[in-house]
Amino acid sequence: MKTLLVIKKQEYEWLIDLFPGVHPLLVPICNKPFIEFLVDFAILAGSDALRIVSDGVLGDVEHYCENGSRWGVEISYGSMRPGDDISTVIDKNRRFCLDGRVIIISGFLFIRYNKKREYASLFASLPTGELLGCPHGSISLAGTSTTKTEAPGTLPFSLAALDSIGKYYELSMEILRTGLTHYVIPGYSSEEDCYIGRNVIIPKSAEIIKPVIIGNNVQIMTNAIIDRNSVIGSNVIIDRESVISGSIVIGNTYIGEHLEVKNKIAAGNLLIDPESGTVIVMEDPHLLTTMTKSKVAGALLRRLVHTLGATFLILLQLFPWLLLRPILGMQGKWKRKKEQYYAERQGKYVTLTSTTIECTGALSAFAKALSLDRFTLLFKVLSGKLALIGNQPRPLNPAIPLLPNSPAGYRPAVFSYAEAEEWPEIGIDTEIVEHYYAVHSDPLKDIAMTQKALFHRTH
Amino acid sequence: MNISEKTINNYAIVSLQGILNASSAPKLKTYIAGMPDEQSLVIDLENVEFLDSSGLGALVGIARKKKTGSAVMKLARMNERVKKVFEITQAYTLFDIYDDVSAAAEA
Amino acid sequence: MNPIITLTLQANLRYVRVASIIACNVAEIFADFTCNSTDIAEFCHAYELSVSEAFTNSVRYAKPAQPEKQVTIRFSSDNNSLAVSIIDTNSQFNPVTQAPDISSYPEGGYGLFLIHRLMDTVSYTREDDTNILTMTKQATMTHDT
């Protein structure tokens, strides 16, 4: 048995606006990428090979599923033109369809099934032709069957078209309420209706009510409540005293303090109401008011603290720098590069000389431990061009413009919050942690974070 | 690069073997230019070990020519390395791509 | 970055394949120590393709006034990334990264776009009348474990 999956761009285009940057086949349903439900079904139905055919880009899907060895099924990919009908697609994949029977799933469909039931022998005996159809697609069988049997009156699977955000939400809730045991759901489950991923931090004061699914690397802050029927994706922070209920929080989302998210989908900074389909840009009123109130005074104090901190570090590093800089320079281990970076003020740039110390030998290790590579940058703090701690300076790149008006702001700095927390220094995780601290920082905390960054960089 | 040709159902099946890059692409272009514009084509890519954007450019050029000559040009048996170039450039949207030569010539 | 090999070839399309095969082989030797086996093929193909594109561009835009033109390919590495630079003496160019509009059946203009998509970082500098296009990729693939 083989499975041919035919999905046209036109059928899933609506999802791209809501989940930008994620291929619709990889959009998570109950924390499991959509394609994995289809892969599971194909395997359950006895397939040893699966081909995904689309007129859209499949690169990300290919990158994620690779050749399918992870599931023990051979996955390949094919392309088609938007106008192709099913018989043309079968022709284009004739070699794939040549031997044996093929299940053809056409359309952006979710297939409801139950992993405990037996599908392999059922599909082997079902007659050729369309098995189930709906306006958005169908599931059919090609190739001759070995045994001749009539299709049973009711099939142990059904189709659900994914054609709107409402359907997506409904389907997630349906699985959460009644179908968790029908599918393979990621996460650790020691009791019914409760799936929790790796590295999830839940304080004692937080409350969690099942059914619930929580992904990996999730931080739930004090007094937060995850009420029933919620799906929390991976790399999510739910800040203190926020309440999530009947909602889906997509991965890499930060939910601020004192927020109530009820029957919504939160993805990045978007809050989507599944019923009406309206999209709101998420703001946290509490944080914004406190920040604007003390903005001027806070900024002055921060500037003062950062200047003092930088002066202190300059005095501390001056002697080792004078000593080690010429030696390492002569050894060719002191590499400097001048580049332009985005400045804090929108549309302004700052030229920085970044230093890298090649980490070979005791002297350079010592220099690195003392963070001497940041020494010259400290003077930029005195001149007000950089902060002592804040965001990693982003290199000027016309291809990736700096997002304007990010609620927390962007403050290029000598040390970054991500360094202080030992988070990986690239990617979306860093943005989350920097965003979090940018919102929560105050001048005193900044000193503590700078210390932490200095300490962690020595390792 | 080696080029060989046979005919199935009025389609000229042009099989390429070897490297399709800037130094070999002109050879393919000249070869195709020697055919009548209205001749429909299936280009069999199974034995193309390597293709870069110059090779892709040649195929796109042939496709454009065939389109204006109201002939058909199809590609068959693309391997993973070749597919990668089509995927990144989205050139797959310009071609009908088959995994079987005879299926391409019949349809 | 430690230099590995520097190679100077005549600026002729005849040698495109030589450049790209060498790039593929250097990448393979390098990746052998750092990648797991399934990623090596992809890593090498990225270098094979990128160098093929960059070398072709260098030859294509060579000034006809200098018949003895050469293109230099320089490989260097650090712990987990391999850099390859293509150096020529052509006039300055604008390293556009935009994808060509595929629907208009363009026959060229894919080269730099492909390179940008295949490599982690691509930088272009102009030094003493030479163009240096440096392409770098990390060998350790990040996979969720």
Side-chain angles (χ1 to χ4, degrees), chain A residues 2-13 16 23-26 49-69 74-100 102 104 142-143 399, chain B residues 6 8-11 13-16 20 40-48 51-53 55-56 59-60 62-64 66-68 70-107:
Chain A
K2 287 178 178 177
T3 300
L4 190 66
L5 203 58
V6 185
I7 293 163
K8 288 188 185 174
K9 197 174 161 189
Q10 167 204 346
E11 296 159 349
Y12 63 62
E13 245 165 353
I16 298 175
H23 191 284
L25 280 173
L26 299 177
L50 169 71
R51 178 166 291 177
I52 305 165
V53 181
S54 178
D55 55 348
V57 195
L58 282 175
D60 291 345
V61 179
E62 202 168 334
H63 197 78
Y64 181 79
C65 298
E66 293 178 325
N67 60 3
S69 57
E74 198 183 300
I75 299 181
S76 56
Y77 307 86
S79 58
M80 62 186 281
R81 311 283 290 265
D84 288 351
D85 56 16
I86 287 294
S87 65
T88 312
V89 174
I90 293 174
D91 268 335
K92 285 188 174 180
N93 296 283
R94 182 178 292 182
R95 214 186 281 182
F96 177 81
C97 299
L98 209 57
D99 38 62
V102 186
I104 298 153
Chain B
K6 61 178 175 179
I8 304 176
N9 293 340
N10 298 325
Y11 276 91
I13 314 291
V14 178
S15 301
L16 309 181
L20 190 50
S40 287
L41 280 182
V42 174
I43 297 188
D44 179 4
L45 298 168
E46 191 184 31
N47 295 313
V48 173
L51 172 133
D52 68 4
S53 75
L56 173 70
L59 293 174
V60 171
I62 295 165
R64 188 178 53 201
K66 291 292 162 192
K67 208 174 148 226
T68 48
S70 61
V72 179
M73 178 208 184
K74 293 170 176 177
L75 299 178
R77 300 202 283 181
M78 205 180 264
N79 60 46
E80 290 305 314
R81 285 157 62 84
V82 172
K83 207 188 255 177
K84 176 127 192 169
V85 179
F86 277 77
E87 172 88 35
I88 295 174
T89 56
Q90 304 206 4
Y92 63 86
T93 56
L94 303 180
F95 296 95
D96 282 303
I97 302 163
Y98 288 73
D99 72 351
D100 186 79
V101 172
S102 50
E106 277 169 28

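Below, chains carry the letters A, B, ... as their sequence lines are ordered, and counting in each starts from 1.
- The distance from the CG atom of A:Leu98 to the CG atom of B:Asp100 is 7.0 Å, given to the nearest 0.5 Å.
- For B:Phe95, the part sitting under 4.5 Å from any heavy atom of chain A is the backbone (N, CA, C, O) and nothing else.
- Ranked by heavy-atom pairs under 4.5 Å with chain A, the first of B:Thr93, B:Ile88, B:Ile97 is B:Ile97.
- A:Asp55 touches chain B through its backbone: at least one of N, CA, C or O sits under 4.5 Å from a heavy atom, while the side chain does not.
- Scored by the side chain to side chain contact (heavy atoms under 4.5 Å, CB included) test, A:Ser54 finds A:Tyr12, A:Leu58 as partners (sequence neighbours excluded).
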With side chain to side chain contact (heavy atoms under 4.5 Å, CB included) as the criterion, how do A:Glu62 and B:Glu80 come out once you've worked through the C-alpha distance, each side chain's angles and the decisive distance to 0.1 Å?
CA-CA 11 Å; A:Glu62 202 168 334; B:Glu80 290 305 314; 3.7 Å; yes
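- The closest donor-acceptor contact from the side chain of B:Tyr98 to the backbone of A:Arg95 lies at 3.5 Å or more, if one exists at all.
- At most 12 non-hydrogen atoms from other residues, nucleotides or ligands lie less than 6.0 angstrom from CD of A:Gln10.
- The environment of A:Glu74 atom CD is sparse: at most 12 non-hydrogen atoms of other residues, nucleotides or ligands sit within 6.0 angstrom.
- Contact record, A:Arg94 with B:Asp99: N-OD1, 2.9 Å, taken as the closest heavy-atom pair.
- Most heavy-atom pairs under 4.5 Å with chain A: of the set B:Arg77, B:Met78, B:Lys84, this distinction falls to B:Arg77.
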